[in-house]
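Here is how names work: the chains are called A, B, and so on, in the same order as the sequence lines, proteins then strands, and each is numbered from 1. The figures here come from the full heavy-atom set of this structure, side chains too, leaving out hydrogens, waters and symmetry mates.
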Amino acid sequence: MLDIRLVREKTDEVKRLLAQRRAGDEKKIDELLELDAERRRLLGEVEQLKALRNRVSKEIGLLMKEKRLEEAEDKKSQTRETGKKISEIDAQVAGIEDRRNDLLLNIPNTPHSSVPDGADESDNVTVREWGEKPVFEFEPKIHIDLCESLGLVDFARGAKLAGSGFPLYTGAGARLERALIQFMLDIHTSEHGYHEVQPPFMVNRDCMTGVGQFPKFVDQAYVVQEGEDTETFGKLCMIPTAEAPVANIHRDEILSENELPKYYCAYSPCFRAEAGAAGVGTRGLIRTHQFDKVELIKLVPPENSYDELESMVANAETILQRLGLHYRILHLCTGDMGFASAKTYDIEVWAPGQGQYLEVSSCSNCEDYQARRMNIRYKTGSGEKVLPHILNGSGTALARLFVALIESYQRSDGSVGVPQVLQSYMKTDLIGVS
RNA sequence: GGAGAGGUGGCUGAGCGGUUUAAAGCGACGGUUUGCUAAACCGUUGUAGGGCUAAUACCCCUACCGGGGGUUCGAAUCCCCCCCUCUCCGCCA
């Protein structure tokens, strides 16, 4: 969330930046500041009363000790009134804080000054491209056909098991999925310095709130309960990304400066309800309710977080380069960025069968927006407590990568070549009709 | 799921209704002493919110002893609910 002090002191600047997102959030600022002012006014009032009560209570204690019971009783009955007032005002403050926090949690991050101003995805800026679209001497098939003919994914049976959007990977398809996961984890851990973790695949609400998924995007999550026990409903959610657990690893902690930067990478399945999303219900692997992903998370000092963002994107690019897949990097405009992000690059990989670029990675610097929600700080040498900047990036998402890969490496006879870097994982250089 | 034990500052650990503004020890930091190190001695040592300010300096106030409620003039301390850890039993991959 935003720093309430910054909102107080640089109100116009914050409004201007929020307006760039084209989401109307700047209108919430005035209401936020009204609540903030009222809260402080009431706090001043109630804290004075509490100071009074503390003083008098101490006096009562002394009177009791000296057996001056009548005087003590007098003071007790007086203070009873003070106590009533205190609980009244406390309740008001709590109500105001609830509303203030609710507003604060629903206001997105402000964009970094380098972010191109724009309304939607059509205003995103292509930063660079790598490789070239492969040329085929035949009409390349779409992944759905390849999956069917090669027995890589059984969409129909997946749908039988859990519904559409839950692919059942089979045979070489399952193996390819596993190979990609392992390949990516190996590179990030052994070459890029990330510390591998395997997080819980369900998290509590605090984690979801910490990364900015909740309260605003609660509809996108699968929320679970234990059996028929409705009491437990809503305590846990299936993770929409490993970012949810991994970014929260140090929630409510004060790290020491020399522990930074922290680099984490994690494989996890990702579960998304995709309520209301365009393209839900389309066949294939482009948009599913469950997909695999290798996620990268960094906690870094604010000074160099933007360098860290560039290197994180480069880490994700390495994967695509080793796989020999053509891709492009987009700098998302202000209107297309995620809720918590101050600056985001998307990586889109070319899928020749689809004839389109597919987003396989989104790398964001959330600056201190999440750290403030999660209450993560670190102590500098001079003893100052600072919110680290938190970055997250896909390195990369599967499913779409799987699509791009088999569509790019397909051959005229209907088989799919295995890129060299995956051959040791796949134990073969060719996926043929089984 | 059942039975029991427990959760107090960076750590150990006392306190179980009012000189606790959370004892004491350890650690850490600063200083004195010292040829150097060690030791000894002295001092400092949490977090958040609010007020005052140019100040994220000082000072003042409030809250915080796993979390949330309650009783009371007053709660680390008493009561209720929840969470977590440990030991044993049950069930289970």
Side-chain angles (χ1 to χ4, degrees), chain A residues 1-10 32-101 104 198 200-210 225-236 245 248-259 301-303 368 371-388:
Chain A
M1 60 192 165
L2 299 180
D3 181 1
I4 186 70
R5 287 187 194 175
L6 187 80
V7 177
R8 263 181 225 150
E9 285 157 25
K10 300 199 168 167
L32 178 68
L33 287 175
E34 272 172 44
L35 288 170
D36 179 55
E38 179 66 358
R39 169 179 174 272
R40 282 183 295 156
R41 190 183 68 75
L42 289 170
L43 269 187
E45 208 175 307
V46 77
E47 285 180 359
Q48 240 176 322
L49 289 173
K50 284 181 182 173
L52 174 69
R53 183 178 67 183
N54 288 345
R55 257 200 324 276
V56 176
S57 290
K58 202 163 280 180
E59 288 165 18
I60 292 172
L62 290 173
L63 290 172
M64 306 269 283
K65 193 161 276 179
E66 296 168 19
K67 303 284 182 213
R68 293 153 69 183
L69 297 183
E70 259 180 52
E71 286 169 73
E73 283 307 318
D74 269 4
K75 281 191 191 272
K76 275 192 200 179
S77 50
Q78 283 167 30
T79 310
R80 213 163 288 158
E81 291 305 307
T82 311
K84 269 181 201 158
K85 262 186 243 165
I86 288 173
S87 33
E88 275 168 32
I89 302 175
D90 266 347
Q92 283 182 57
V93 171
I96 285 169
E97 282 181 348
D98 281 352
R99 285 202 286 152
R100 185 192 70 153
N101 291 341
L104 217 40
Q198 184 147 58
F201 296 158
M202 291 192 272
V203 293
N204 58 33
R205 300 184 82 91
D206 286 343
C207 288
M208 294 291 270
T209 304
Q225 71 177 27
E226 293 172 25
E228 304 284 336
D229 183 1
T230 52
E231 290 280 303
T232 62
F233 174 75
K235 285 188 175 171
L236 293 174
N248 275 284
I249 287 175
H250 298 288
R251 178 148 50 87
D252 291 318
E253 289 183 23
I254 300 174
L255 304 167
S256 62
E257 190 170 33
N258 56 26
E259 289 179 83
E303 306 86 77
D368 63 13
R372 188 171 291 105
R373 283 174 168 241
M374 296 188 279
N375 193 27
I376 300 177
R377 287 157 302 166
Y378 71 94
K379 207 181 238 178
T380 65
S382 58
E384 198 185 354
K385 275 168 280 299
V386 181
L387 296 161

[X] side chain N/O closer than 4.0 Å to the phosphate oxygens (OP1, OP2) of [N]?
X: A:Asn375; N: B:U47; result: no
X: A:Arg40; N: B:G51; result: yes
X: A:Asn54; N: B:G74; result: no

Could you please name the partner base of B:C29, counting Watson-Crick and G-U wobble pairs only when both distances are under 3.5 Å?
->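 B:C29 is paired with B:G43.
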
Counter-base of B:G6, judged by Watson-Crick or G-U geometry with both distances under 3.5 Å |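 B:C84 - that is the nucleotide pairing with B:G6, both distances being under 3.5 Å.
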
Among [options], the nucleotide that comes nearest once only the side chain of [X] is considered:
X: A:Ala51; options: B:C61, B:C83, B:C73; result: B:C61
X: A:Leu43; options: B:A63, B:G18, B:G50; result: B:G50
X: A:Ser57; options: B:A63, B:C61, B:G18; result: B:G18
X: A:Arg39; options: B:G51, B:G74, B:G49; result: B:G49
X: A:Lys58; options: B:G50, B:U21, B:A63; result: B:U21
X: A:Lys385; options: B:G49, B:C61, B:A48; result: B:A48
X: A:Arg377; options: B:U47, B:C61, B:G74; result: B:U47
X: A:Glu47; options: B:G18, B:G50, B:C73; result: B:G50

Does A:Asn248 use its side chain to pair, donor to acceptor, with the backbone of A:Cys207 at less than 3.5 Å?
->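 Present.
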
Using atom types as modelled and distance alone, determine if a side-chain donor or acceptor of A:Arg372 lies under 3.5 Å from a backbone N or O of A:Met1.
->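 Side chain of A:Arg372 to backbone of A:Met1: a pair is present.
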
Interatomic distance at [atom1], [N] relative to [M], whole Å:
N: B:A93; M: B:U87; atom1: C1'; result: 23 Å
N: B:C79; M: B:U21; atom1: C1'; result: 28 Å
N: B:U8; M: B:A14; atom1: C1'; result: 10 Å
N: B:G68; M: B:A63; atom1: C1'; result: 15 Å
N: B:C86; M: B:C80; atom1: P; result: 25 Å
N: B:G10; M: B:A48; atom1: P; result: 11 Å
N: B:G74; M: B:C60; atom1: C1'; result: 22 Å
N: B:A23; M: B:C16; atom1: C1'; result: 15 Å

Atom OG1 in A:Thr82, atom CG in A:Asn54: separation rounded to 0.5 Å?
->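 Answer rounded to 0.5 Å: 11.0 Å.
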
